[in-house]
Participant: 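Quick one: structure below, then a few questions.
All values derive from a computational prediction rather than experimental measurement. First listed ligand is number 1; within each ligand, the first listed atom is number 1.
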Amino acid sequence: MTKGKMIYEGKAKQLFETEDRNKVLVYFKDDATALNGAKMAQIHDKGIVNNKITSMLFKLLEKEGIPTHFIDRISDREQLCRKVDIFPLEVIVRNVVAGHMAERVGLPEGTEIPNTIFEISYKKDELGDPLINDHYAVALGAATYEELKEIYAMAGRINKILIDFFATLGLRLVDFKLEFGKDEEGNILLADEISQDTCRLWDLETGKKMDKDRFRRDLGDLEETYREILKRVESKLK
Ligand code: UDP
């Protein structure tokens, strides 16, 4: 697969054309940002870790019947994916109170909730990705009500699969972010990445935060924790 022109560069990844107009090459960088870009750093080998973890998790989800953009991991930092138009939405799924939800509603992190919470925010860096709802999304032309219904249904199925999978690794899936896109035929596919950068994962035994909060909150052990997550995922998936 030849790497063509760069189509897009985001905070953590670059996207390149390939000779097939329906496929793109995704390159995972070591750059990390938090607090809407206010905090920036390089995390050694993060691109390699996140590419591997995302590839294994997307393969697992495909096997469980979730359509994704993922085709193949072709090198340490690169994967081949189906080209999609990304919905300008971040879909957040929460199983336990943490992060912004804790701040928003004044509950301590770790508070149990009886139901799964689905949130959407509008992907607009200059506005800090504001929290919106379905009616906003439709008004903004970001998605139709039917598309949103399908996206939430997929997010719910993904949540069930991932809660069970991470539990086998001794990890509690607290919350996570998903992005979806549409291919040429209009199929909705899971896209972007799933890793410790986009999920909150707490060790089931010790409660240790095993995710990007170590970077956001300067908790230390960053690279070691990222390697540990990779090791646990690799112990179950290839
Ligand atoms: N998240 C993400 N990218 C974002 C915002 C959130 O991957 O731009 C993930 C984050 O890692 C966490 C979940 O979505 O697992 C919920 O994040 P929250 O809304 O609490 O915001 P945060 O505190 O992470 O900024």
Participant: Starting from atom 14 (O) of ligand 1, find the nearest protein heavy-atom neighbour and note its residue, name and distance.
Facilitator: Lys177 CB, 3.5 Å
Participant: Heavy-atom distances under 4.0 Å are what count here, so tell me which part of Asp175 touches ligand 1: side chain, backbone, both or neither.
Facilitator: both
Participant: For Lys29, which of Glu9, Gln14, Gln42 qualifies under side-chain hydrogen bond (donor to acceptor under 3.5 Å, both in side chains)?
Facilitator: Glu9
Participant: What part of Cys199, side chain, backbone, both or neither, has a heavy atom within less than 4.0 angstrom of ligand 1?
Facilitator: backbone
Participant: Would you say Asp197 contacts ligand 1, with heavy atoms under 4.0 Å as the rule?
Facilitator: yes
Participant: For atom 18 (P) of ligand 1, grab the closest protein heavy atom and report residue, atom and distance to one decimal in Å.
Facilitator: Arg94 NH2, 3.5 Å
Participant: Strictly under 4.0 Å, does any heavy atom of Lys212 approach an atom of ligand 1?
Facilitator: no
Participant: Tell me whether the centres of the aromatic rings in His135 and Tyr145 are closer together than 6.0 Å.
Facilitator: yes
Participant: Heavy atom of Glu103 under 4.0 Å from ligand 1?
Facilitator: no
Participant: Relative to atom 10 (C) of ligand 1, which among His100, Arg216, Arg104 owns the nearest non-hydrogen atom?
Facilitator: Arg216
Participant: Answer with yes or no whether the side chains of Gln79 and Asp72 bring together a donor and an acceptor at under 3.5 Å.
Facilitator: no
Participant: Are there over 12 heavy-atom neighbours, none belonging to Lys23, within less than 6.0 Å of that residue's NZ?
Facilitator: no
Participant: Any ion pair linking Glu147 and Lys149 (charged N to carboxylate O, less than 4.0 Å)?
Facilitator: no
